[in-house]
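Per chain, numbering begins at 1; letters A, B, ... match sequence-line order.
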Amino acid sequence: MRTWSDLDEFESFLDDGGMVEAGDDMPQVYRDEVFRFIEFHANSEMMGGLTERDWIPRAPGLRLKQIFLAKTQDEIGHAHLLYMVAADMGIKSRTEILEDLFDGRSRFHNVFHYQAVTWADQIAIAFLVDAAAFASQRAVFAECSYGPYKRVLKRIISEEGFHMRHGEEMLLRLSNGTDVQHEMFQAALDRWWWPSVQLFGPDSPPDDNLLRWKIKSERNEVLRHAYVQKYVPLLQGYGFVIPDPELREVDGQWLTGEIDWEPLKATMRNGGPDSARRIDTAARNWADTAWVRASLDAAIARRAA
Amino acid sequence: MTELSPAAQQVVLAFADDEHMIGARHAAWIGLGPFLEEDLAFCSIAQDELGHAVALYEYLTDNVDHFALLRPAAEYRSAWLAEWPCEQWHESLVRHWLYDEAEALRWGAFAGSSIEGLSLLAARAEREESFHRDHATMYMSRIADGDDQGRSMIESALATMLPLGLGLWDPVSGEAEALAEGVVTASSADLAGQWKASTTASLEEWSFAFNWPVDAPEQHHRTVRSSHFDELQASLQEVIVLDPSATW
C-alpha cells in the first residue's frame with residue numbers, strides 16, 4: 001500500500017502521471033470526491049437504462065428489439081462495473097449506493113430525469129445523449145488518475161462508441177424516412193437538444209479538484225463547445241432544426257443562445273420532469289424483489305452451515 | 001423462404017409465436033431484476049428467445065417484422081403461458097423454468113426435422129437453451145434451499161403457472177400431418193409426458209408443494225388468445241402502426 005505524507009506530495013505524484021490504486025492510502029478528500037464522481041456515473045448508467053427500457057417493448061421490429069435490449073444491457077453492465085469500482089473505495093457498499101439512489105438521496109445525470117415520450121426520443125437518446133456522454137467519458141479516460149476507474153472506462157468507452165454509431169444509423173433511418181418519422185424526430189430533438197447540451201454542466205470552476213487531480217482532463221465548457229460544433233451541422237445536414245432561435249455561426253464557430261441552467265439544477269435536486277416516476281419505479285421494484293435477495297442469502301448461509 | 005406444407009407452417013408458427021411472446025415478456029424485465037447480475041443474465045435470455053423467433057419466422061415470411069407484429073390476433077398460435085404478463089418476479093422465474101424445460105424438448109423434436117436447415121437451427125438453439133435451463137434451475141434450487149418466504153413465493157407461482165404450462169402442449173390442428181411429414185419427430189402429447197415427469201421430479205427433489213391441475217385452459221388448438229394478448233399486441237404494434245410503410 002502506497003502512502004503520501006500530505007496532499008502536496010500526493011498532488012506531485014499525480015502531476016508526474018501517477019496512477020492511484022484501490023489499495024493505496026489516498027488522501028480522504030481525493031477518495032471522497034472520486035467516489036462521488038464514480039457513484040454519479042454509475043447511477044447515471046443505471047437510470048439511463050431505465051429511461052431507455054420504456055420503449056423496448058414497443059420496438060417496431062424484432063431485430064430492433066434485440067438491438068435496443070443489447071444496448072440497454074450494456075448500460076446496466078456499465079453500472080454493474082462502476083458500482084463495483086465505487087464500492088471498492090470503502091465508503092459505501094454496492095447495496096448502500098443503490099439504496100441511496102432508490103431513496104432519492106443521490107444524483108444522476110440530468111438527461112435521465114426526462115421521459116422518452118415517443119420512439120424518436122429513444123433515437124434522440126442514442127444519437128444525442130450517448131454522444132454527449134461519450135465525449136464526457138472519453139475526456140475522463142484521457143488522464144484518469146484512478147486506475148480501477150480508468151480500466152473500466154476503457155471498456156465502457158468502446159461500447160459507448162458503438163452505441164453512438166448505432167444512434168447515427170437509427171437517425172439516418174428517420175431522417176431518410178417518411179414524413180411521419182421526420183416529424184417525430186424533430187419533436188424529439190426539440191425535447192432533447194437542451195438537456196443534451198446541459199449534460200456537460202455549467203462552466204467548470206477555476207479550482208475544480210477533479211481537473212487538478214486528473215479525473216477530468218477538460219473543462220465542461222470546452223467539451224460542451226466541441227459538442228455543439230459537431231452536432232449542429234450534423235443535425236442541420238440531416239434536415240432538422242436546432243431548437244435555439246439565438247443559435248449563430250461566428251467566425252466559423254457555432255454559438256448557442258444563453259443556456260438556462262435552472263432545468264439542470266432541478267434535476268440535481270431530483271426534481272426533473274420524470275424524476276419521481278423514474279426513482280419510484282426503481283425503488284418499488286427493489287422492494288418487491290427483496291425476498292429474492294433474502295432467499296438467496298439464506299440458501300448460501302444454509303449451505304455454508 | 002422455404003416452402004412449407006400448411007401443417008408444417010402451423011407447427012413452426014406455434015413455436016415462433018411462443019418464442020416471440022416469451023422473448024417480449026422477458027425483455028420487459030430489463031433494469032428491474034432483483035440485482036444487476038440477474039438483469040444482465042435475463043436480458044441475454046430474452047435476446048436469445050427473440051433470435052429464435054426471428055429464425056423460425058424466416059421459414060414463414062420474407063417480412064419478419066410485419067408478420068410478427070401486424071397479424072390479426074386470431075392468426076397467432078402462441079400459448080397462454082408465453083403471453084402471460086408475469087409482472088411479479090417469482091411468476092416470471094417459474095414461467096421461465098417451465099418454458100425452458102419444455103423448449104429443450106421442442107427443439108429436440110425439430111432435431112431430425114425433414115425441413116431443410118431446421119435441425120441445424122435446433123442444434124444452435126439448444127446450445128443457448130442449456131444456459132437458460134442452468135439459469136432457471138439454479139434459481140429454483142437455491143430458492144428451494146432458502147427461506148420460507150422464498151419457497152412460498154415459488155409455490156404461489158406454481159399454482160398459477162402449472163395449468164398454463166400444460167397449455168404449452170396444446171397441439172396445433174396440423175400436428176398429426178406434420179408428424180407424418182417428418183417436420184417434427186414427436187407429438188405434443190409425448191413431449192408433454194416427458195416434460196411433466198421431469199418437472200415433477202425436480203419439484204419433488206426441491207420439496208416444493210404443488211398440484212398438477214387436471215386440465216389446461218382451453219386454448220382450442222392455440223386458436224384462442226389469452227385475456228392478456230390484446231394489451232401485449234397493442235404494445236408490440238404501437239410504433240410500427242404509426243407508419244407501416246416506413247423502415248424503422
Can you name the closest pair of heavy atoms from [X] and [Y] and give their distance?
X	Y	answer
B:Leu32	A:Thr281	CD2-CG2, 4.1 Å
B:Ile240	A:Pro60	CD1-O, 3.7 Å
A:Leu50	B:Gly31	CD2-O, 3.4 Å

Between B:Glu238 and A:Arg58 (side chain of the first, backbone of the second, donor and acceptor by atom type, cut-off under 3.5 Å), is there such a pair? no
Do [X] and [Y] come within less than 4.5 Å of each other through their side chains, counting heavy atoms only?
X	Y	answer
B:Asp147	A:Asp297	no
B:Tyr57	A:Leu62	yes
A:Met46	B:Leu36	yes
B:Trp89	A:Asp288	no

Exactly one of B:Asp148, B:Ile154, B:Ile143 should register a side-chain contact (heavy atoms from CB on, under 4.5 Å) with A:Ser295. Which one does? B:Ile143
Sort out for me which of [options] touches chain B most, counting heavy-atom pairs under 4.5 Å.
options	answer
A:Ala59, A:Ala70, A:Gly77	A:Ala70
A:Trp119, A:Trp291, A:Phe68	A:Trp291
A:Arg303, A:Arg293, A:Arg302	A:Arg303
A:Gln73, A:His80, A:Met184	A:Gln73

Could you look at A:Ile76 and say if it's the side chain, the backbone, both or neither that has a heavy atom under 4.5 Å from chain B? both
Is there a salt bridge (charged side-chain N to carboxylate O under 4.0 Å, His left out) between B:Glu37 and A:Arg94? Walk through the geometry before answering. CA-CA 12 Å; B:Glu37 288 84 351; A:Arg94 195 212 298 188; 2.7 Å; yes
With rounding to the nearest 0.5 Å, note down the distance linking SG in B:Cys43 to CD1 in A:Ile56. 7.0 Å
